[in-house]
Amino acid sequence: MADSSERVVKVEDSKGNPVYRWMLQQQPWPFVEPLKCSACTRPVSIVPAYLRRGSRVSAHFRLHEGHDVGCPLNPTRIMNDIAFGSHGLAKVMKNGTLRLTIPAHDPPTSPASTAIGGEPEDDEERTLLRVTTVRPWLPPALNSAVKVAQFLRRCDFDPDLAELFTVEYRRKRIPWSEFCYGPDDLSYGLLHDRVAAAKGRRLEHPVAVHGTVLRTGMAGAKPFAVLAAGIPSGQPGRTVEVVLRSAFPTLLGKELKVGMQVLAVGAGWKIFAPHKRSVDEVQLWIKEHWYLAYWTWDKDTEQAGAPMCPPPLSPDERRDSRPPGSSASRTPSRGSRPATAPQAPGPPRATAPRDQSQAAEPPGHPAAAEGGSSDDLARLILKGYSKPDSTSQPTAVDPPPSAPVPPAVTSRPDLPMPEVPSAAIPSGPDATPGPRPLPPTPAAPLPPRPERPPLPRPPQHPASGAPVPQTGPRPEAAEPNRIRRLFARLRRDR
């Protein structure tokens with residue numbers, strides 16, 4: 001491959017008219033020699049078509065002496081400048097091409113702590129993503145892609161020159177034509193076909209779209225910017241639009257104006273095709289400031305302004321944009337108890353005790369102090385009842401009549417009690433002790449429970465005491481053996 005400094009794509013003749021590569025196929029040539037680079041004073045020669053290793057090389061321009069110092073159309077100088085300001089993300093290869101690495105993880109969501117031109121951080125990997133080269137804060141990967149897009153625009157997006165730039169994402173090499181789309185209608189149509197083939201899934205790698213802002217507006221409280229419209233979609237009666245949308249007004253704010261150049265990068269491109277409109281909207285929702293870069297462009301001088309990006313989102317903006325189901329506005333769960341206002345304390349209710357043990361409580365018990373049982377006190381506490389002050393006068397409640405106490409049983413009911421005559425029991429002050437009644441006859445004792453017979457132990461060896469294995473038939477084989485013997489006896493009897 002020839003040196004990239006010898007490549008030239010924008011040429012003008014001696015009268016200052018532009019000369020394009022396709023004009024070399026015409027005879028006679030529609031231009032007047034000599035030719036030179038349109039951005040510097042170096043002469044340009046014409047290389048006719050020829051065969052190289054069996055393949056035909058079309059006619060092209062060749063710059064033998066190299067570009068002037070500072071020429072904006074010098075590919076070698078542009079690639080070196082991009083690699084120098086990319087913080088290691090862009091590298092000039094030995095074959096004269098530039099390889100730009102897109103980080104697989106997202107850049108940080110807050111600006112760097114050091115100012116532009118300040119002391120770099122100690123962590124080289126963090127510096128790779130956080131230190132910027134332009135103001136406001138623009139990540140190095142996006143800044144490098146913007147410089148490539150600006151250079152290709154100066155060169156009228158020459159496809160041969162675009163082959164000098166490649167992108168690497170997760171160790172996968174991606175040509176620039178498959179990474180960046182636009183700003184012509186044919187490229188936007190290819191973007192539509194690629195996003196439609198994904199069928200709602202994220203693309204396998206981030207995709208950049210380069211274009212000019214046609215119009216801006218607000219859809220409710222959400223801003224949007226249209227980069228292309230009226231592109232044929234391949235379906236009759238439907239067209240394609242390329243639109244950038246955001247839920248944050250600051251990301252597509254007042255700084256983004258009609259006529260500015262835009263480069264949007266992301267893997268979340270989707271197609272929105274409403275039934276009420278005959279438009280397939282290829283859209284990307286801008287969620288962070290490093291999704292987008294924009295700059296001015298002077299058509300007369302072909303000079304680009306410094307690229308900018310929206311300001312980073314503040315913590316308040318992120319908090320205000322949370323969906324209704326987030327933790328900030330989460331409704332109580334189904335199993336949680338709603339908070340209720342405390343109820344005013346009322347007089348305790350007097351309830352009859354369930355058994356005789358609850359008929360009276362000791363004086364120090366809380367239930368006795370409140371005029372109710374312990375279960376009543378627990379029930380009142382659960383309902384919001386609080387113990388009144390000692391100074392307040394409790395309401396007197398008449399205790400309910402207690403139930404008669406049943407007589408205690410001192411003997412078995414099935415044994416008859418001997419009758420004692422009343423004359424045998426002395427009474428009065430001068431009574432003398434007489435014979436006492438006989439004690440009840442004790443019940444007959446229960447018979448002793450028979451013990452479990454001991455389990456049979458297997459035979460043991462008389463010397464070692466180890467169990468001797470049984471050589472007889474297994475229990476499960478006894479029945480078949482008996483049947484065999486029975487059939488053998490029948491055969492002998494015949």
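- Contact annotation: the side chain of Phe61 approaches that of Leu24 to within less than 4.5 Å [non-hydrogen atoms, C-beta and beyond].
- Judged purely by atom type and a 3.5 angstrom limit, Asp13 uses its side chain to pair as donor or acceptor with the backbone of Asn17.
- Not counting sequence neighbours, the partners of Thr101 by the side chain to side chain contact (heavy atoms under 4.5 Å, CB included) test are Glu168.
- How far CD of Gln150 is from CZ of Arg154: 6.0 Å, rounded to the nearest 0.5 Å.
- For the residue pair Asp316 / Ser314, no side-chain donor-acceptor distance below 3.5 Å is found, with atom types taken as modelled.
- No donor-acceptor pair under 3.5 Å is formed between the side chain of Thr239 and the backbone N or O of Gly230.
- For the pair Gln303/Trp297, no side-chain contact is recorded, criterion being any heavy-atom separation below 4.5 Å from C-beta on.
- Annotation: side chain of Asp156 is in contact with side chain of Lys10 (closest heavy-atom distance under 4.5 Å).
- In this structure the side chain of Phe151 reaches within 4.5 angstrom of the side chain of Pro75, judged on heavy atoms.
- In terms of modelled atom types and a separation under 3.5 Å, the side chain of Asp280 and the main chain of Glu241 share no donor-acceptor contact.
- Applying the salt bridge (Lys or Arg N to Asp or Glu O under 4.0 Å) rule to pairs touching residues 81-94 yields Arg77-Asp81, sequence neighbours excluded.
- Looking at every heavy atom in both residues, Trp269 comes nearest to Val195 through O-CG1, 3.5 Å.
- Few gaps surround NZ on Lys270; more than 12 heavy atoms of other groups in view lie less than 6.0 Å from it.
- The side-chain contact (heavy atoms from CB on, under 4.5 Å) test with Trp176 singles out one residue from Thr166, Val167, Leu164, and that residue is Val167.
- Checked by atom type, the side-chain pair Gln261/Thr212 shows a donor-acceptor distance below 3.5 Å.
- A donor-acceptor pair under 3.5 Å links the side-chain atoms of Ser55 to the main chain of Arg52, judged by distance alone.
- You'll find the side chain of Phe165 reaches within 4.5 Å of the side chain of Leu152, heavy atoms only.
- A salt bridge (Lys or Arg N to Asp or Glu O under 4.0 Å) check over residues 199-209, counting only residues at least two apart or in different chains, returns the pairs Arg194-Glu204.
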